[in-house]
A.B. asks: 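Let me begin by handing over the structure; questions about it come next.
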Amino acid sequence: MDRVSVDPGLLDDLEWRGLIAHSTDPEALREALTEQPVRFYVGFDPTAPSLHMGNLVQILTAKRLQLAGHTPYALVGGATGMIGDPRDSGERTLNSLDTVKEWVQKVQRQIEPFLDFEGPNAATMVNNYDWTASLSTIDFLRDIGKHFPVNRMLARDVVKSRLEAGISYTEFSYVLLQSMDFLNLYRDHGVRLQFGGSDQWGNLTGGVELIRRHEGGKAHAFATPLVTKADGTKYGKTEGGALWLDPEMMSPYAFHQFWLNAEDDKVGELLRIFTFLSREEIEDLEAQTAEKPFLRAGQKALADAVTTVVHGAEETEHAKAAAAALFGGGDLRELRGETLAAALREAGATQAARGTPVVDLLVEAGLVKSKGEARRTISEGGAYLNNERITDVEHVPGEDDLIAGSWLVLRRGKKNLAGVEMR
RNA sequence: GGCAGGUUGUCCGAGCGGCCAAUGGAAACGGACUGUAAAUCCGUCGGCGUAUGCCUACGCAGGUUCGAAUCCUGCACCUGCCA
């Protein structure tokens with residue numbers, strides 16, 4: 001059995017960090033987490049080849065629980081990923097088994113570095129495909145379905161909101177699968193706690209209730225809050241996509257930049273949710289942000305901490321060095337060639353033939369989608385070559401524009417940078 | 001299976017034979033102001049070396065017409081009601 005001493009301050013810390021948005025029976029949860037090590041699980045559906053910011057909240061919360069002495073079960077939804085959790089935006093497109101299997105592997109590999117798979121409270125990786133795929137329809141309907149009153153299922157917010165636009169039986173049934181996961185882990189592994197994002201609340205309580213009805217058992221659940229921007233709108237719309245954890249899908253540099261650009265009003269909240277800095281450190285950073293916001297001490301600490309947790313210290317240093325070189329305000333030409341080249345590779349770099357007009361270079365560097373957009377950007381005064389605004393749409397960079405022998409630094413607006421190595 | 005309504009650009013949503021590359025929101029992007037914040041204001045927001053031009057686009061495939069996102073036919077999908 002799990003023989004580790006647990007940190008009695010865990011729940012207070014989670015609450016202080018604002019990580020508990022909803023909870024079943026708070027008193028019982030506190031008691032359970034304080035008395036002894038608890039086996040808990042958190043699930044991730046493979047809906048994309050990479051996890052993102054929203055999932056990171058869960059991963060880090062799982063790590064907090066493990067650090068406090070509890071035992072994690074990380075579940076990847078090989079089965080639930082085949083079905084699709086209902087969401088307001090409408091029915092999902094089903095992915096093929098091959099796609100889901102591939103994404104399951106990627107997601108598992110992404111979670112692994114965050115948890116400790118050795119020691120007295122070692123983490124366990126599970127896949128609900130293992131117990132769902134072979135389940136017969138009759139068993140499913142008799143053993144699981146019997147415990148789900150349809151009237152209750154219809155009352156769930158997601159379902160209600162989908163009744164107009166339509167919802168398939170497939171997605172409607174999703175909650176049964178996730179609840180069954182909890183039941184199985186409860187029965188076979190002694191898992192007594194599940195948490196997830198607040199949008200998962202219905203699924204979380206579904207499991208708790210199923211355990212009660214089916215086994216007469218007592219299980220717990222809590223939901224972490226939805227992280228939003230200061231104006232309440234959704235995050236994740238950076239550079240036209242979500243904030244991915246996979247460095248192939250989002251460079252560590254871009255990832256670091258995202259946190260660095262956090263709104264003042266959000267820095268404290270983000271530090272509490274996404275970093276392991278202590279309460280004292282965070283309160284100090286919040287005070288600094290309040291007094292001298294222009295120094296952005298909070299943003300810097302946040303960006304460094306989160307990037308280090310996700311991509312490692314080395315990548316963080318690279319990202320910082322690149323940002324310092326490119327945003328430093330100094331003359332680019334004074335930078336050493338290697339420094340510049342490294343910074344540009346970090347920010348994103350391409351190659352092009354000498355004599356290519358800027359308009360085409362902007363397209364090739366990925367800063368704009370078309371030549372028309374490139375011309376528009378230039379005429380709006382939003383395009384820069386080596387930190388100088390480009391005024392001539394027809395401009396063709398020459399030899400004396402090259403920095404360190406072969407580089408051009410293109411920028412769109414303040415933050416979108418790209419290097420082009422001229423061949 | 002029957003009847004009715006629907007399918008428009010990243011999203012929502014107008015248009016209902018020429019004045020439509022398509023009104024209006026939102027998102028996004030650029031500029032100004034700043035701190036690589038927020039808010040605000042201004043501008044842009046299908047492609048093409050830029051053209052009273054051509055190409056692509058209003059679910060898919062055909063058709064009517066000098067001309068169709070708009071009308072007709074078939075198909076697919078969605079929603080509601082009936083069986």
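Nothing here was measured: the structure is a model prediction, and the numbers come from that model. Here is the naming used below: chain letters follow the sequence lines, and residue numbers restart at 1 for every chain.
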A.B. asks: State plainly whether the residues A:R17 and A:E269 are in salt-bridge range, i.e. N to O under 4.0 Å.
C.D. replies: no
A.B. asks: Take the protein atom NZ of A:K266 and the nucleotide atom C1' of B:A38, then report the distance between them rounded to whole Å.
C.D. replies: 12 Å
A.B. asks: Please measure how far the P atom in B:C72 lies from the corresponding atom in B:C11, and state the result in whole Å.
C.D. replies: 27 Å
A.B. asks: Using a cut-off of strictly less than 4.0 Å, decide whether A:K415 has a side-chain nitrogen or oxygen near OP1 or OP2 of B:A28.
C.D. replies: no
A.B. asks: Pairs under 3.5 angstrom, nitrogen or oxygen only, protein versus nucleotides 31-33 of chain B, please.
C.D. replies:
residue: B:G31; atom: OP1; partner: A:Y384; partner atom: OH; Å: 2.9
residue: B:G31; atom: O3'; partner: A:R389; partner atom: NH2; Å: 3.2
residue: B:A32; atom: OP1; partner: A:R389; partner atom: NH2; Å: 3.3
residue: B:C33; atom: N4; partner: A:K414; partner atom: NZ; Å: 3.3

A.B. asks: Between N or O atoms, less than 3.5 Å apart, protein on one side and nucleotides 51-57 of chain B on the other: list the pairs.
C.D. replies:
none

A.B. asks: In plain terms, say whether A:E171 and A:R87 are close enough for a salt bridge, that is, a side-chain N and a carboxylate O under 4.0 Å apart.
C.D. replies: no
A.B. asks: What is the per-nucleotide protein-contact pattern of nucleotides 76-83 of chain B, from the 5' end, where B denotes a base atom under 4.0 Å from a protein heavy atom, S denotes such proximity for sugar-phosphate atoms only, and - denotes neither?
C.D. replies: ---SS---
A.B. asks: How long is the straight-line distance from OG of A:S379 back to CD1 of A:I390, given to the nearest 0.5 Å?
C.D. replies: 11.5 Å
A.B. asks: Is A:K371 touching bases, backbone alone, or none of the nucleic acid, heavy atoms closer than 4.0 Å?
C.D. replies: sugar-phosphate
A.B. asks: Is the shortest side-chain N to carboxylate O distance from A:D12 to A:R30 below 4.0 Å?
C.D. replies: yes
A.B. asks: Do the numbers put A:R64 on top of the ring of A:F276, so that NZ or CZ is under 6.0 Å from the six-membered ring centre and no more than 45° off the axis?
C.D. replies: yes
A.B. asks: Would the A:F255 and A:H311 ring centres measure less than 6.0 Å apart?
C.D. replies: yes
A.B. asks: State the NE2-CG distance between A:H220 and A:L204, to the nearest 0.5 angstrom.
C.D. replies: 13.5 Å
A.B. asks: Quick one: salt bridge (charged side-chain N to carboxylate O under 4.0 Å, His left out) partners of A:D139, sequence neighbours excluded?
C.D. replies: none
A.B. asks: Which nucleotide wins on minimum distance to the side chain of A:R376, given the candidates B:C48, B:C45, B:U36?
C.D. replies: B:C45
A.B. asks: Taking the P atom in each of B:G62 and B:A68, what is the distance between them to the nearest angstrom?
C.D. replies: 14 Å
A.B. asks: Roughly how far apart, to the nearest Å, are B:A21 and B:C16 at atom P?
C.D. replies: 16 Å
A.B. asks: Looking at A:R272 and A:E286, is any side-chain nitrogen of the basic one under 4.0 Å from a carboxylate oxygen of the acidic one?
C.D. replies: yes
A.B. asks: Given B:G30, B:C45, B:G49, identify the nucleotide with an atom nearest to the side chain of A:N416.
C.D. replies: B:G30
A.B. asks: Mind checking what makes side-chain contact (heavy atoms from CB on, under 4.5 Å) contact with A:H318, not counting sequence neighbours?
C.D. replies: A:E314, A:E315, A:E346
A.B. asks: Could you give the NZ-to-P distance, from A:K369 to B:G30, as a whole number of Å?
C.D. replies: 11 Å
A.B. asks: Give A:D264 one of three labels, base, sugar-phosphate or nothing, depending on what nucleic acid heavy atoms sit under 4.0 Å from its own.
C.D. replies: base
A.B. asks: With rounding to the closest Å, how many angstrom separate the C1' atoms on B:G31 and B:A22?
C.D. replies: 28 Å
A.B. asks: Could you tell me how far B:A39 sits from B:A32 if I compare only their C1' atoms? Round to whole Å.
C.D. replies: 14 Å
A.B. asks: For B:C58 and B:U70, measure between their C1' atoms and round to the nearest Å.
C.D. replies: 10 Å
A.B. asks: OP1 or OP2 of B:U44 sitting under 4.0 Å from any side-chain N/O of A:T377?
C.D. replies: no
A.B. asks: Between A:E380 and A:R376, does any side-chain N to carboxylate O distance fall below 4.0 Å?
C.D. replies: no
A.B. asks: Wobble G-U and Watson-Crick pairs count when both distances are under 3.5 Å; given that, what is the 5' to 3' dot-bracket string of RNA chain B, with | for pairing to other strands?
C.D. replies: ((((((((.[[[..)..(.....]]].(((((.......))))).(((....)))...[[[[[..)....]]]]]))))))).
A.B. asks: Using 0.5 Å steps for rounding, measure from the NE2 atom of A:H147 to the OG atom of A:S179.
C.D. replies: 11.5 Å
A.B. asks: Which value, in whole Å, describes the distance between the C1' atoms of nucleotides B:G59 and B:C81?
C.D. replies: 24 Å
A.B. asks: Atom CG of A:N387 and atom C1' of B:U36: how far apart are they, to the nearest Å?
C.D. replies: 12 Å
A.B. asks: Distance check needed: B:C29 C1' versus A:L367 CG, whole Å only.
C.D. replies: 12 Å
A.B. asks: Please report the distance separating the C1' of B:C29 from the corresponding atom of B:C45, rounded so that it comes out in whole Å.
C.D. replies: 7 Å
A.B. asks: Rounded to the nearest 0.5 Å, how far does CZ of A:F327 lie from NZ of A:K320?
C.D. replies: 15.5 Å
A.B. asks: A:Q299 near the nucleic acid: base, sugar-phosphate alone, or nothing, with a heavy-atom cut-off under 4.0 Å?
C.D. replies: base
A.B. asks: When you check the gap from the basic side-chain N to the acidic O, do A:R412 and A:E373 get nearer than 4.0 Å?
C.D. replies: yes
A.B. asks: Tell me whether A:K106 is salt-bridged to A:D246, with the criterion being a basic N under 4.0 Å from an acidic carboxylate O.
C.D. replies: no
